[in-house]
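In what follows, a structure is listed as structure tokens, so that the remarks can point back to it.
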Amino acid sequence: MNITIDVNGTKMEAKKGETVLNVLNDNGIQVPTLCHIKSMFPTGSCRMCVVEDIISDKLITSCSAVAEDGMKILTHSPRVTEARKVIVELLLSNHPDDCLYCVRNGNCELQGLAEELCVTERRIQGRKNKLPIDNSSVSIMRDPEKCILCGRCVRVCEEVMGVACIDFSKRGSRTVVSTAFDKGMNTSSCVNCGQCIMVCPTGALTEQNHFTGIREALTDPSKTVVVQYAPAISVSIAEEFGMEPGIDIAGIMNAALRKIGFDYVFDTSFAADLTIMEESNELIKRINENRNLPLITSCCPAWVKYAEEFVPELLPNISTCKSPQQMAGAIIKSYFAKQKNISKEDIYSVSIMPCTAKKFEAQREEMTNKGISDVDAVLTTREFVKFVKLFGINMHEIESETADSPLGIRTTAGKIFGASGGVAEAAIRTAYYMLTGDELVQFKIPELRGFKGQKETRLKIGDLEIGVAVVNGLANAKKLLDEIKAGRDDIHFIEIMACPGGCVGGGGQPVNMDEKAVKERIKSLYRIDDTESIKVSHKNPDVIILYNEFLGKPLGKKSHELLHTGFKKREVII
Amino acid sequence: MNDTTEQILVKYKNADRDSLIPILQEIQEVEGWLSEKMLTSVGRHLDMPVSKVYGVATFYNQFRFQPKGRFHIQVCRGTACHVLGSATVLEEIKKHLKIDVDETTKDGLFSLEIVACIGTCGLAPVININGNFHARVTTDSLRDIIESYRVQNNN
Ligand code: SF4
Ligand code: SF4
Ligand code: SF4
Ligand code: FES
């Protein structure tokens, strides 16, 4: 049966079971929402999305109301807009009037709603929230005074990440979102993925800012300041500078970073190629020895922390490879330092990551060498965009430049790391070559690509048949790992990324991104893979030189010292 | 794990989240309060994140998260007491002891709780300390009452 509803006097078709909000959005009508997260079950708790149901003469929440045949809806009648306005005024009544000093100034949803609904005076006086900032985590900062209790962070943390380290506590006017016992984030099971930041409408959640240290280093003549950027970055920021969403602007970034004052600009994708060299050899070794299978990737620090807390029994399965960020960091402060004859104390190493968990990873004790960190500071994509603007750089007016050697050349295998499935695909390309001596005829593994939460395939490599699984979103990982723990043994290699869609959808990316934007970035990465010629990590000329001149062989002594690490069980409040 | 908690949890074998509140009530009944350890054990037992256990527990007024003090002060906030100034009484106690409702002083001597009418409206505003009623308290008499308990403790 077809369902037709009348919206502001126009007839609209609806599918059975579809929410009113969906119908409205599909027909180009925007209704403000706060508690609602697309693709999740509506909770209908904030009432921001109310519309007028003429037949019942009531205001209904469009995000949770199901469209029924014959419904008559008004979306912007005076009654509706006044109701929405009062909700915003109530939210503002205890909100700190801090907009000018807030990280979200200019892209805060609450601010946007106040403007949209013409809130121009304070009609409702409330007692201001007085709650301390939680500054305990090295990645995530929580300012409960700015929290409007929409609950999105709580839901994402539980439903997408399966972590659930935050929830509503207390009640009535004292309700807050907090960790267990209100202890700081640092002792909670938070894996630093930053997905809560991505959904927070206000400045209540943000990353720990690393600006100051970097600015100091940039002005310190005794420091050589180097920067690396992750594979996902160059396809994620074009729209922030008014360019076409998703396009690759690596060349422009290189130039901009030099203008800011970085002495050397490196591409983390080079280190992704290096990771593949080590990891595919590790895979082959484990298959040969039939030990600690499936091999699980270690590039995602949010996943690694999750494993240390929730599934320590699987730690022996996790690859001992450091992540590309940390491999690049280690090579910069050893090989590169030696090449340029700079002492590693004088190198300040910055990375630009789509990720908040990388801030945590960079300060892990395992990621230091004799007390010196491999990576000194981490900027998220968001911070990087601000940095470029702070330095007054016009991205439209600069000529593309190439990255610096020896970490400047990358293959497309290293580049596709940014998308969920990319690491697995790159690893298989190289493992195939290592095992058979031939290159794959077909490099693409479509089964492992795309936005789906869990992907699997079986592949023949010589006489070997291996099972490969790719998951993104730690709640999806948990499902697969439960199967593995229960004895499932047909999978040899698992790629796990915490963020939906992989790092292109990372918690350090520009906020307000939607699935469409993430898909554009994924497309862009694979377009690069289609158009460029070196598609396998083992053919990266600089990687080959690095092994010949410095590292020896993959999994060799030097590699072990610089590129590998270990993980241990972590006691936190779960 | 705490013994009492363990004994109670044993009784709730295979229980799910629905048993959370009865379990918490039972533990508090015996222990007088709920510690972080106890809440964590309950979470593990029910396969529930501790953040959720804490969230539910703090939602309800009936649960305490600090052990009671040696002297437990109940302030009546029923209608009669309210009319005769129990709000001021409460504020005065908080100020004097430097604690909030449902908290315990650092030395473990005093704890503070709000109760609804305790049926002695003739004595309003009334407070009850370890079972002893103190009638028609004023901000002045309050200090004396509290200090007399402190003296009692020192003897
Ligand atoms: S960073 Fe990730 S794990 Fe931590 S609170 Fe946010 S969503 Fe949860
Ligand atoms: S911290 Fe942000 S996302 Fe979480 S409830 Fe508060 S306003 Fe919503
Ligand atoms: S998926 Fe990528 S962006 Fe997200 S936490 Fe992991 S490494 Fe960081
Ligand atoms: S968005 Fe619909 S009730 Fe919150």
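Letters A, B, ... are given to chains in the order of the sequence lines, protein chains preceding strands, and every chain is numbered from 1.
Taking all atoms of both residues into account, the shortest heavy-atom contact from A:V572 to B:R44 is O-NH2, 4.3 Å. Minimum interatomic distance between A:A164 and B:S51 (heavy atoms only, all atoms of both residues): O-OG, 2.6 Å. Taking both residues in full, the closest heavy atoms of B:Y54 and A:S178 are given as CE2-OG, 3.7 Å, listed atom of the first, atom of the second, then distance. Residues B:K52 and A:V154 share a closest heavy-atom pair of NZ-CG1, 4.4 Å.
In this structure, chain B has a heavy atom under 4.5 Å from the backbone of A:F168, while its side chain stays farther away.
If you tally non-hydrogen atom pairs under 4.5 Å between each of A:T179, A:V177, A:I166 and chain B, the highest count goes to A:I166.
Counting heavy-atom neighbours within 6.0 Å of B:K94 NZ, excluding the residue itself, gives a total above 12. Residue B:Q62 qualifies as enclosed at atom CD: its count of foreign heavy atoms under 6.0 Å is above 12. Residue B:H96 places its NE2 atom among more than 12 non-hydrogen atoms of other residues, nucleotides or ligands, all under 6.0 Å distant. For B:N154, the CG atom counts as densely surrounded, since its 6.0 Å shell holds more than 12 non-hydrogen atoms of other residues, nucleotides or ligands. Counting heavy atoms of neighbouring residues, nucleotides and ligands inside a 6.0 Å radius, atom CG of B:N132 exceeds 12 of them.
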